[in-house]
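Order of the sequence lines fixes the chain letters, A, B, ..., with proteins taken first and strands second; residue numbering starts at 1 for each chain. The model shown is predicted, which means the values in this text are computed figures rather than measured ones.
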Protein chains: 2
Amino acid sequence: MQIIHISDLKNYIGQEVTLRGWLFNKRSGGKVRFVILRDGTGYLQCVYFKGNVTEDTFDAADRTGQESSIEVTGKVKEEPRAAGGYELDAKGLTIIQNANNYPITPKDHGIEFLLDNRHLWLRSKKQVAILKIRHRIVKAIRDFFDDRGFTLMDTPILTPNAVEGTSTLFETKYFDLGSAYLTQSGQLYAEAGAMALGKVYTFGPTFRAEKSKTRRHLTEFWMVEPEAAFFDLNDNMDLAESFLEYIVQTVLKEMKNELGILERDTSKLENVKKPLPRISYDEAIEILKKNNVKLEWGKDISGADETIISNQFDRPVIVHRYPAEIKAFYMKRDPENPKIALAMDVLAPEGYGEIIGGSQREDDLDQLLERIKEHNLPQEAFEWYLDLRRYGTVPHAGFGLGLERTVSWICGLDHLREAIPFPRMIYRNTP
Amino acid sequence: MQIIHISDLKNYIGQEVTLRGWLFNKRSGGKVRFVILRDGTGYLQCVYFKGNVTEDTFDAADRTGQESSIEVTGKVKEEPRAAGGYELDAKGLTIIQNANNYPITPKDHGIEFLLDNRHLWLRSKKQVAILKIRHRIVKAIRDFFDDRGFTLMDTPILTPNAVEGTSTLFETKYFDLGSAYLTQSGQLYAEAGAMALGKVYTFGPTFRAEKSKTRRHLTEFWMVEPEAAFFDLNDNMDLAESFLEYIVQTVLKEMKNELGILERDTSKLENVKKPLPRISYDEAIEILKKNNVKLEWGKDISGADETIISNQFDRPVIVHRYPAEIKAFYMKRDPENPKIALAMDVLAPEGYGEIIGGSQREDDLDQLLERIKEHNLPQEAFEWYLDLRRYGTVPHAGFGLGLERTVSWICGLDHLREAIPFPRMIYRNTP
């Protein structure tokens, strides 16, 4: 008999098939037993009628514990009331391994218990849906850049310098070369790539040894960072809005089932379309003022303030042209006002905060040298980076998007810890 | 005037266009100047005739140094003798920034000098071709698994245990939780994923703090690791051969130009098609014997021996069923012979050695407990992994493919260091 997956059921209506997987749940009536099989591709209700099957098979359903590995056989039936539209008129039930006392029962469990059992918690319906959406978001990200002439450039994880101190860096001994540090961003390397390949993106894990315990922080998270030569701040904002539209609309179109499992209110995602509203930092201050929040010019916008600003809009909002002194040394100054950096952040709606941060980069050698001095950075560590301005410098720009924040927003999660298979936080690095 | 990329020239024949990029090279005759522009999408010869252009423009070519950033204008001409099939009948040449004394000239440079200047070396024709092939290989890898129902599962980089000692591990302090270690493989985590999602793959950077100075070793490299439930050793070998065929045939079809730049003998790659030869470890010993190499049963196959074996075949060869004692604790024993592990390696041709290593995994709790004891591993660190055998264990298998070894083989490189943008080796972690 043919062994198939639940996702293939539509091609086998009326046929006898075998499926393998795990017992997700079960119910029983007087003369009927229901076994819900999961196999990674979906869920299937298998119905055993007393009399239609051997007594041993009928009883097997009672003996089989949650998350036992099983093999079922039966005839595929259309059943409009079932979640996937099909049901199995089941004949056989073979227990591969009977699992006793599976720790994660359908009742509620505390978060620490679930995180301790993350290797099992991943099997739950909601976590499977999140992982599948994460997968689709990653694919959408890569397809977007691949289809637009960007070349993938994997930048190094082990980096040689701790130019701004070691307080938020993970440090490791590197043979006889002293210390190496886990990357916080591939951007500087991506800039070298943009001068070689025109348009590049880097997409890999990044690290912050920050003592932040908020729901918006992980110590290990994935970031995608496009960087393009001959790009200015406007090109960068255009790219960011096309990018977000593509990701969100792709997930809405292709992951309806999973968004349904998560009970996500998708009406808030449907608006994520070009053009996104663009406001300057000065305009952001005005919005805060109207909402009785006084932000002094030159101060950074806090998480709470971000929520006030993003609540004014029905889709993500781009905030641009920040005070230079709260932004990184490599950001280009506005030629019309040296107090302004050509920076941009994108704030997600519904209180999800900053999901993109980017800027046009300083492409002038002398300006960049000045910035390095102002920020008290060691010039020597940046000689290679300065070379990019010595040899054929061009205007260029890029941004970074945090993957887990994006997954969290699109899935409507409370905390980043569910947006990655095995989250790493200040108080947890297991399992 | 329209600003275009070199890759778009075919749509602008006979039209006046503007292109931006870098001066790759130049030549001059009496009344003609040739400027080779590169823009990341290709190379274009721009021809300036004296009299056709202003004197200043004609002289500009002489004044412009290698790798200067420039903007050129002119009319697109078909030119069958040119590499890309087009040439620019050039009118304008604007120097964005004149680069003086670019360090990497067309003459030969030593490898240490080139690695010191890796941020600039990336701009050379050969390195651009390698990066583009690497990009295409990564895309082929992801497409292959995405199209076959595998879900991406990013496994953690920071892992909590050093179960086999710290000698090949990069170690870092992890807040108040003691040490964390950079991952050497995502496999154990992927096994948890396979029980949740059926088929998964992990694809990310992995680390070995090994004191190996060979051309086959990097301290930081990317690895893709599929893992599938209800998979046995044969399924695993089937998957590996389809996978390699897909990668190599995709690159052959789509990256002809780049393989040409690398002067790769592609006849050796054309054979990479199913079925791949499959030999047991015992048969490998026989082959070595016929080549006057005596390998005692139970010893591992060395790099030199791998080359002798792979030289017998015109495509990659799968070696399976190794002595259990030279293989990892998690590999399943052959039910017909407990001295044998259901392991498999794939050896690339042309002396490129092992590119894939994999196995069926031990799915029996008691067997796995015994293995952990035999290998003197601390059971406590594996409790979560043992849970996968306690709750619904199923036969499963998977493998790992090293990205840089694959790039190196397909591109025909001498050393892994050119297969990744910024290589990390025992004696180098800069720039």
Part of Ala209(B) lying under 4.5 Å from any heavy atom of chain A: both

Between OG1 on residue Thr41(B) and CD1 on residue Ile6(B), distance to nearest 0.5 Å: 5.0 Å

Per-residue contact mode, Pro205(B) against chain A (heavy atom under 4.5 angstrom): side chain

Heavy-atom pair count under 4.5 Å with chain B, highest-scoring of Arg136(A), Lys173(A), Arg142(A), Arg118(A): Arg142(A)

Aromatic contact, Phe24(B) with Tyr43(B) (centres under 6.0 Å): yes

Largest heavy-atom contact set with chain A, pairs under 4.5 Å, which of Asn98(B), Leu131(B), Thr219(B), Leu122(B): Thr219(B)

Region of Glu210(A) that comes under 4.5 Å of a non-hydrogen atom in chain B: backbone

Most chain B-contacting option - heavy-atom pairs closer than 4.5 Å, from Ile157(A), Thr430(A), Leu177(A): Ile157(A)

Beyond-backbone contact of Asp364(A) with Thr393(A), side-chain heavy atoms, under 4.5 angstrom: no

Carboxylate-amine/guanidinium contact Glu404(A) Arg134(A), below 4.0 Å: yes

Residue selection (most heavy-atom pairs with chain A, distance under 4.5 Å) from Ala196(B), Gly40(B), Pro421(B): Ala196(B)

Plane angle bin for Phe231(B) and Phe150(B) - parallel if under 30°, tilted between 30 and 60°, otherwise perpendicular: perpendicular

Contacting region of Ile96(A) [heavy-atom separation from chain B under 4.5 Å]: side chain

Reported CD1-to-CG distance for the pair Ile420(B) and Leu403(B), which is rounded to 0.5 angstrom: 7.5 Å

Greater than 12 external heavy atoms within 6.0 Å of Lys211(A)'s NZ: no

Aromatic contact, Phe170(B) with Tyr181(B) (centres under 6.0 Å): no

Contact origin within Tyr102(A) toward chain B - heavy atom pairs under 4.5 Å: both

Region of Asn101(A) that comes under 4.5 Å of a non-hydrogen atom in chain B: backbone

Tyr201(A) and Asp146(A): CA distance, side-chain angles, deciding distance, side-chain hydrogen bond (donor to acceptor under 3.5 Å, both in side chains) verdict: CA-CA 9 Å; Tyr201(A) 68 102; Asp146(A) 292 350; 2.7 Å; yes

Best-contacting candidate, Gly392(A), Pro423(A), Ala99(A), against chain B by heavy atom pairs under 4.5 angstrom: Gly392(A)

Side chain, backbone, both or neither of Leu120(B) within contact of chain A (heavy atoms, under 4.5 Å): side chain

Short N-O contact, Glu383(B) and Arg390(B), less than 4.0 angstrom: yes

Top of Glu171(A), Gln127(A), Glu67(A), His119(A) for chain B proximity - count of heavy-atom pairs under 4.5 angstrom: His119(A)

Contact class of Ala381(B) relative to chain A, heavy atoms under 4.5 angstrom: neither

Partner chain B: residue of Gln66(A), Lys199(A), Arg123(A), Lys132(A) with the largest heavy-atom pair count (under 4.5 Å): Arg123(A)

Heavy-atom closest pair, residues Val72(A) and Ile70(A): CG1-CD1, 4.0 Å

Leu388(A) portion near chain B, given a 4.5 angstrom heavy-atom threshold: both

Region of Asp39(A) in contact with chain B, defined by heavy-atom distances below 4.5 Å: backbone

Residue Ser68(A) versus chain B: region with a heavy atom under 4.5 Å: backbone

Engaged part of Pro156(A) at the chain B interface, taking heavy atoms whose separation is under 4.5 Å: both

Chain B interface, residue from Thr159(A), Asp387(A), Val128(A) that has the most non-hydrogen pairs under 4.5 Å: Asp387(A)

Inter-residue atom distance Phe230(A).CZ - Asp363(A).CG, 0.5 Å rounding: 10.0 Å

Residue Asn161(B) versus chain A: region with a heavy atom under 4.5 Å: neither

Carboxylate-amine/guanidinium proximity below 4.0 Å for Arg428(A) and Asp116(A): yes

Proximity breakdown for Phe207(A) and chain B, heavy-atom pairs closer than 4.5 Å: side chain

N-O pairing of Lys125(A) and Glu258(A) below 4.0 Å: no

Pair Phe422(A)-Trp121(A), ring pair (Phe, Tyr, Trp, His ring centres under 6.0 Å): steps then yes or no: CA-CA 10 Å; Phe422(A) 291 90; Trp121(A) 186 25; over 10 Å; no

Under 4.5 Å from any heavy atom of chain B - which part of Ser179(A): backbone

Region of Trp384(A) in contact with chain B, defined by heavy-atom distances below 4.5 Å: both

Contacting moiety of Thr155(A), where chain B heavy atoms sit under 4.5 Å: backbone

